[in-house]
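What follows is one structure encoded as structure tokens, with my remarks underneath.
FYI, side chains are in, hydrogens and waters are out, and symmetry mates aren't considered; it's all heavy atoms of this structure.
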Amino acid sequence: MYVKICGLTDPGHVAAAVEAGADAIGFVLTSSSRRITPERAAELGALVPPEVLTVGVFRGEDPATVRAAALAAGVRAVQLHGHHPHGDFTALKDLGRTLIRAVDARADLRCGAFDESMLIVDAPRAGSGEPWDWSAVRGRPSGQWMLAGGLAPSNVAEAIAAARPWGVDVSSGVETAPGVKDPALIAAFVDAARAAS
């Protein structure tokens with residue numbers, strides 16, 4: 001089970017995610033309570049070993065803005081969240097970064113349909129931290145796709161059983177307050193996800 005921990009802002013939390021065995025770490029470079037600057041993302045990314053994917057998360061920015069921020073941050077992947085047109089992904093292909101498309105269940109759920117390498121299927125209200133009907137997408141997404149939205153250590157096994165994803169992505173479910181990650185919750189989430197796969 002591929003595990004992404006998103007919205008990291010602090011060196012200690014980055015270290016906790018790496019130590020717990022996360023496959024990917026997300027830095028939010030768009031409007032959010034978890035937003036950090038590209039320069040801060042570069043500092044945090046320097047603490048991440050090469051086998052762990054560092055992801056810059058964007059929502060609504062144009063490709064030129066995304067390109068500049070991703071290069072400044074030094075991230076190894078770019079995640080476009082929400083209703084980005086196919087052209088935005090095409091415009092970023094030459095960056096040489098892994099492209100990730102994050103959408104809700106109403107979108108085209110074929111991984112690669114927009115030239116992306118990975119797909120994230122999120123809750124109808126992304127970032128709300130609210131669980132949703134994970135079983136609604138079972139059998140629909142294809143390829144390397146992650147389930148997100150309302151996941152936590154206490155329910156990730158249930159979500160995996162309901163949706164059968166390739167991976168899972170969590171942010172608020174491993175926090176004690178908005179933007180404040182808990183190393184114990186990060187470790188518990190990774191363990192629970194791997195045990196359920």
Side-chain angles (χ1 to χ4, degrees), residues 2-82 84 88-89 91-93 95-103 116-123 126-129 144-152 167-183 185-187 189-190 193:
Y2 193 92
V3 179
K4 174 170 171 272
I5 310 292
C6 200
L8 294 166
T9 61
D10 173 88
H13 301 154
V14 169
V18 170
E19 191 175 318
D23 298 290
I25 289 172
F27 302 123
V28 178
L29 302 174
T30 190
S31 181
S32 165
S33 60
R34 300 169 186 87
R35 183 177 197 162
I36 57 174
T37 63
E39 293 71 27
R40 179 66 168 164
E43 291 170 11
L44 295 174
L47 308 174
V48 180
E51 66 271 15
V52 178
L53 190 67
T54 52
V55 183
V57 178
F58 300 90
R59 185 185 189 101
E61 289 84 5
D62 63 86
T65 301
V66 171
R67 176 185 296 273
L71 289 171
V75 289
R76 297 191 274 275
V78 168
Q79 176 179 323
L80 300 184
H81 211 110
H84 282 265
D88 285 4
F89 292 86
L92 294 167
K93 278 184 78 171
L95 258 183
R97 304 296 195 272
T98 298
L99 296 180
I100 303 171
R101 180 169 60 101
V103 293
E116 77 277 15
S117 300
M118 296 180 191
L119 177 72
I120 295 173
V121 183
D122 203 349
S128 66
Q144 295 186 333
W145 75 279
M146 286 175 265
L147 184 70
L151 302 181
V168 288
D169 180 17
V170 68
S171 183
S172 60
V174 292
E175 292 179 343
T176 53
V180 182
K181 298 290 189 275
D182 182 313
L185 288 175
I186 291 172
F189 183 86
V190 175

For this session: Give the intermediate values and the outcome of side chain to side chain contact (heavy atoms under 4.5 Å, CB included) for residues F189 and L151.
Result: CA-CA 9 Å; F189 183 86; L151 302 181; 3.9 Å; yes
Problem set entry | Option passing side-chain hydrogen bond (donor to acceptor under 3.5 Å, both in side chains) with R101 (candidates Q79, H84, E116) | E116
Problem set entry | Sequence-distant partners of T9, side chain to side chain donor-acceptor pair (under 3.5 Å), two or more places apart | none
For this session: Decide yes or no for V3 and I5: does some side-chain heavy atom of the first lie under 4.5 Å from some side-chain heavy atom of the second?
Result: yes
For this session: Supply the atom-to-atom distance S31 OG to R59 CZ, rounded to the nearest 0.5 angstrom.
Result: 10.0 Å
Exercise. When you check the side-chain N and O atoms of R35 and T30, is any donor under 3.5 Å from an acceptor?
Worked result: no
Exercise. If you measure only the distance, is there a donor-acceptor pair under 3.5 Å linking the side chains of D122 and H81?
Worked result: yes
For this session: State which residues pass side chain to side chain donor-acceptor pair (under 3.5 Å) with S32; sequence neighbours excluded, sorted by chain then number.
Result: none
Exercise. Do you know which two heavy atoms are closest between V103 and G82, and how far apart they sit?
Worked result: CG1-O, 3.9 Å
Exercise. Is there a side-chain contact between L99 and L92 (heavy atoms, below 4.5 Å)?
Worked result: yes
Residues 66-73, side-chain donor-acceptor partners within the protein, below 3.5 Å, at least two apart:
from: R67; atom 1: NH2; to: A91; atom 2: O; distance (Å): 2.7
from: R67; atom 1: NH2; to: D94; atom 2: OD1; distance (Å): 2.7

Exercise. Is there a side-chain contact between V55 and I100, using heavy atoms and a 4.5 Å cut-off?
Worked result: yes
Problem set entry | Test item: I25 and V18 side chains (from C-beta on) under 4.5 Å apart, heavy atoms | yes
Exercise. Which value, rounded to the nearest 0.5 Å, describes the distance between L8 atom CG and L44 atom CG?
Worked result: 8.0 Å
Exercise. Between atom NE2 of H13 and atom CG of D182, what is the distance when rounded to the nearest 0.5 Å?
Worked result: 7.5 Å
Exercise. Can you tell me how far the CZ atom of R97 sits from the OG atom of S117, to the nearest 0.5 Å?
Worked result: 13.0 Å
For this session: For K181 and C6, indicate whether the former's side chain and the latter's backbone hold a donor-acceptor pair under 3.5 Å.
Result: yes
For this session: Not counting sequence neighbours, list each pair that qualifies as a salt bridge (Lys or Arg N to Asp or Glu O under 4.0 Å) and has a residue in residues 43-57.
Result: R40-E43
Exercise. Is the closest side-chain heavy-atom distance between D169 and Y2 below 4.5 Å?
Worked result: no
Exercise. Should T98 and L53 count as side-chain neighbours, where that means a heavy-atom distance under 4.5 Å?
Worked result: yes
Problem set entry | Nearest-0.5 Å distance, CG of residue L29 to OG1 of residue T65 | 12.0 Å
Problem set entry | Residues that T54 engages under side chain to side chain donor-acceptor pair (under 3.5 Å), provided they are two or more places apart | none
For this session: Going by the side-chain contact (heavy atoms from CB on, under 4.5 Å) test, name the single residue among I120, V170, V52 that passes it with K4.
Result: I120
Problem set entry | Pairwise salt bridge (Lys or Arg N to Asp or Glu O under 4.0 Å) hits with a residue in residues 6-31, at least two apart | D23-R194
Exercise. If you look at every heavy atom in A193 and V168, which pair is closest and at what distance?
Worked result: CB-CG2, 3.9 Å
Problem set entry | Side-chain heavy-atom pair R34, F27 within 4.5 angstrom cut-off | no
